[in-house]
A.B. asks: 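Next up is a structure, given as structure tokens.
We number each residue from 1, following the sequence as shown. Worth knowing before you read on, the calculation uses all heavy atoms, side chains too, and leaves out hydrogens, waters and symmetry mates.
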Amino acid sequence: MNFKSLEVFYWVVNFSSFNKAAAKLHTTQPAVSQRIAALEKELGIKALDRTSRAVKLTAKGRVLYGYAERFMALHSEMMMKVAEEQAISGVIRLGVAETIVHTWLVEFLEQCRKRYPNVIIDFVVDITPTLRENLKSGELDMAFLLGPLNDDVLIEKPLCSYELNFLSAPSLKVGKEPLSNSEVARHPLITFPKRTYPYTFLHRELTTPEHGAPRIFTNWSLSTIVRMAEDGYGVCVVPRLAVAKEVAQGRLKVRRAQMQLRDLSFAVAYAPGSDQQTKEALSELAGEIARASSAGNPRGRKKARL
């Protein structure tokens, strides 16, 4: 028995799929099946119940999985403590929320190329719920997304928090600033979807018995939110740093309000595994750049989704 066999077993159980484990390990499904069969033969046990389509652990398999988890964690710890930067390598499939694209993603990619030349990053931009699902299914290795959340499957670490602001087209007549709650509620509000902090907070604070709930239009696309605000449709609630270019160019104006908004937080998330030392190294780099980004200016980016 060797570490590779335990790693294969670990990923098969984590993904509940031989095919997904094979894709993760850059091998074939038959090779994964052979590894599992050889492991079971050497230990003299049946680790997986093959009587159903789903991957299920036997009683002995559950014990073995506990040891596999410990081996994986120990391997990652060892690599982080003794490996040189040149040992940080591999292909990392990275998912990114759009706010990060508009702030510090390019800086992260540039610094990663310089510091870890043996790492190849393939990144996609998508909405946070999809990024989270793809992390759990093994389609992504890491993601920068809204969070962190208490998740038993993923490791999540805080990256940065951005101040939320009310912004609108300069031509929109919003009232005397700082705006009262009633003045804010007079206009359509444009922000992120119902599961996010901005929506839940605005809905709670601005709903009254006399006037009911405020008009809140939601979208995961930061670009869509900003475009609607620029066109004068209403007041958007987004991180100012993500729209610094629009503010500097006079396309959006920050509106002062009596209401105090909490910062919008982002995290790095990834599943534990044999490549954890690479993920941890990239997480530390992302944290450094994210914390420094609050003092810099974001760069314009192509249209994407949060």
Side-chain angles (χ1 to χ4, degrees), residues 96-110 125 127-128 144-146 158-193 196-203 205-206 214-267 286 289-306:
V96 187
E98 188 188 6
T99 299
I100 305 303
V101 178
H102 285 256
T103 49
W104 49 266
L105 177 64
V106 167
E107 179 67 18
F108 169 78
L109 295 174
E110 291 175 351
V125 181
I127 62 177
T128 290
F144 303 148
L145 38 63
L146 285 170
L159 277 179
C160 54
S161 294
Y162 293 131
E163 179 184 345
L164 281 173
N165 291 99
F166 294 97
L167 302 103
S168 74
S171 59
L172 186 68
K173 297 180 179 179
V174 297
K176 185 178 180 180
E177 300 181 47
L179 303 174
S180 66
N181 285 12
S182 61
E183 287 172 323
V184 170
R186 281 196 307 109
H187 303 277
L189 301 173
I190 317 160
T191 192
F192 303 120
T196 64
Y197 161 74
Y199 177 90
T200 57
F201 180 79
L202 292 170
H203 189 273
E205 294 297 313
L206 298 178
R215 292 170 295 166
I216 306 178
F217 297 88
T218 65
N219 202 295
W220 278 110
S221 169
L222 179 64
S223 300
T224 299
I225 294 170
V226 170
R227 179 60 184 271
M228 291 179 70
E230 286 180 339
D231 289 346
Y233 183 75
V235 177
C236 69
V237 182
V238 296
R240 178 178 178 176
L241 188 63
V243 292
K245 181 178 70 173
E246 289 80 0
V247 173
Q249 293 175 350
R251 290 150 52 192
L252 286 177
K253 181 178 180 180
V254 176
R255 303 295 188 172
R256 293 183 298 113
Q258 296 175 7
M259 180 184 300
Q260 297 296 313
L261 296 170
R262 193 181 75 199
D263 293 350
L264 193 63
S265 297
F266 291 86
I289 295 172
R291 288 187 292 272
S293 72
S294 59
N297 294 319
R299 311 174 188 183
R301 298 288 178 259
K302 293 183 179 179
K303 199 170 186 178
R305 293 178 295 169
L306 178 75

A.B. asks: Could you tell me which non-hydrogen atom of Thr99 sits nearest to which non-hydrogen atom of Pro239, and how far apart they are?
C.D. replies: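 Where Thr99 meets Pro239 most closely, the heavy atoms are CG2-CG, 4.3 Å.
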A.B. asks: So how far is it from Leu159 CG to Leu145 CG, rounded to the nearest 0.5 Å?
C.D. replies: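 Those atoms lie 8.5 Å apart.
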A.B. asks: State, with a plain yes or no, whether a side-chain heavy atom of Ile225 is found less than 4.5 Å away from one of Phe192.
C.D. replies: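 Yes - at least one pair of side-chain heavy atoms lies under 4.5 Å apart.
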A.B. asks: Would you check if the side chain of Asn219 reaches a backbone N or O of Ser221 as a donor-acceptor pair within less than 3.5 Å?
C.D. replies: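 Present.
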A.B. asks: Looking at Tyr197, does the NZ or CZ of Arg262 lie under 6.0 angstrom from its six-membered ring centre and within 45 degrees of the ring axis?
C.D. replies: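 Judged by the rule, Arg262 and Tyr197 form a cation-pi pair.
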A.B. asks: Kindly give the heavy-atom pair with the smallest separation between Tyr162 and Ser293, and that separation in Å.
C.D. replies: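 That closest heavy-atom pairing would be OH-OG, 2.9 Å.
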A.B. asks: Return the CG to CZ distance between Leu105 and Phe144, rounded to the nearest 0.5 Å.
C.D. replies: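 Answer rounded to 0.5 Å: 7.5 Å.
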A.B. asks: For Glu177 versus Val254, what's the shortest heavy-atom pair and its separation?
C.D. replies: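 Minimum heavy-atom separation between Glu177 and Val254: OE1-O, 4.1 Å.
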A.B. asks: Start with the C-alpha gap between Thr191 and Ile216, add the side-chain angles, then the distance that decides, and say whether side-chain contact (heavy atoms from CB on, under 4.5 Å) holds.
C.D. replies: CA-CA 7 Å; Thr191 192; Ile216 306 178; 4.0 Å; yes
A.B. asks: Hey, what do you get for CG (Leu164) to CG (Leu241), rounding to the nearest 0.5 Å?
C.D. replies: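 Here the interatomic distance stands at 11.5 Å.
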A.B. asks: So which atom in Glu183 and which in Leu179 form the shortest heavy-atom distance, rounded to 0.1 Å?
C.D. replies: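 Taking every non-hydrogen atom into account, OE1-CA, 3.4 Å.
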A.B. asks: Taking 4.0 angstrom as the limit, do Glu230 and Arg251 come out as a salt bridge?
C.D. replies: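 Salt bridge flag = yes for Arg251 with Glu230.
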A.B. asks: Any side-chain heavy atom of Leu189 sitting closer than 4.5 Å to one from Val184?
C.D. replies: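 SC-SC contact between Leu189 and Val184 confirmed.
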A.B. asks: For residues Pro214 and Leu206, report the shortest heavy-atom separation together with the two atoms involved.
C.D. replies: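 Smallest interatomic distance, heavy atoms only, reads CG-CB, 3.7 Å.
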A.B. asks: Sequence neighbours left out, cut at 3.5 Å: what donor-acceptor pairs do the side chains of residues 168-176 make with other protein atoms?
C.D. replies:
{"from": "Ser168", "atom 1": "OG", "to": "Arg255", "atom 2": "NE", "distance (Å)": "2.9"}
{"from": "Ser168", "atom 1": "OG", "to": "Arg255", "atom 2": "NH2", "distance (Å)": "3.4"}

A.B. asks: Under the rule for side chain to side chain donor-acceptor pair (under 3.5 Å), what residues qualify as partners of Thr218, not counting sequence neighbours?
C.D. replies: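 None.
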A.B. asks: Any pair with a residue in residues 232-259 that passes ring pair (Phe, Tyr, Trp, His ring centres under 6.0 Å), sequence neighbours left out, goes on the list, sorted by first then second residue, please.
C.D. replies: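 Qualifying pairs: Phe217-Tyr233.
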A.B. asks: How long is the span from the CD atom in Glu246 to the CZ atom in Arg227, to the nearest 0.5 Å?
C.D. replies: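 Taking CD in Glu246 and CZ in Arg227, the distance rounds to 11.5 Å.
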A.B. asks: State, with a plain yes or no, whether a side-chain heavy atom of Trp220 is found less than 4.5 Å away from one of Thr196.
C.D. replies: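 Touching, per the 4.5 Å side-chain cut-off.
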A.B. asks: Could you tell me the separation between the CZ atom of Arg186 and the CG atom of Asn181, rounded to the nearest 0.5 Å?
C.D. replies: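 Separation between the atoms: 13.0 Å.
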A.B. asks: One pair to check against side-chain hydrogen bond (donor to acceptor under 3.5 Å, both in side chains): Ser182 and Ser180. What are the steps and the verdict?
C.D. replies: CA-CA 5 Å; Ser182 61; Ser180 66; 3.0 Å; yes
A.B. asks: For Gln249, I'd like to know if atom CD has over 12 heavy atoms of other residues, nucleotides or ligands within 6.0 Å.
C.D. replies: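 Above 12, so yes.
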A.B. asks: Supply the atom-to-atom distance Glu98 CD to Thr224 OG1, rounded to the nearest 0.5 angstrom.
C.D. replies: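 OG1 of Thr224 is found 7.5 Å from CD of Glu98.
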A.B. asks: Hey, does Leu264 have a side-chain heavy atom less than 4.5 Å from the side chain of Leu146?
C.D. replies: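 Side chain of Leu146 against side chain of Leu264, heavy atoms only: contact under 4.5 Å found.
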A.B. asks: Without swapping roles, check the side chain of Arg240 against the backbone of Phe166 for a donor-acceptor pair under 3.5 Å.
C.D. replies: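 Checking the backbone N and O of Phe166 against the side chain of Arg240, no donor-acceptor pair under 3.5 Å is found.
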A.B. asks: Between Trp104 and Phe266, is the ring centroid distance below 6.0 Å?
C.D. replies: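 So the answer is no for these two rings.
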A.B. asks: At their closest point, which heavy atom of Thr103 faces which heavy atom of Ala242, and how far apart are they?
C.D. replies: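 Where Thr103 meets Ala242 most closely, the heavy atoms are CG2-CA, 4.1 Å.
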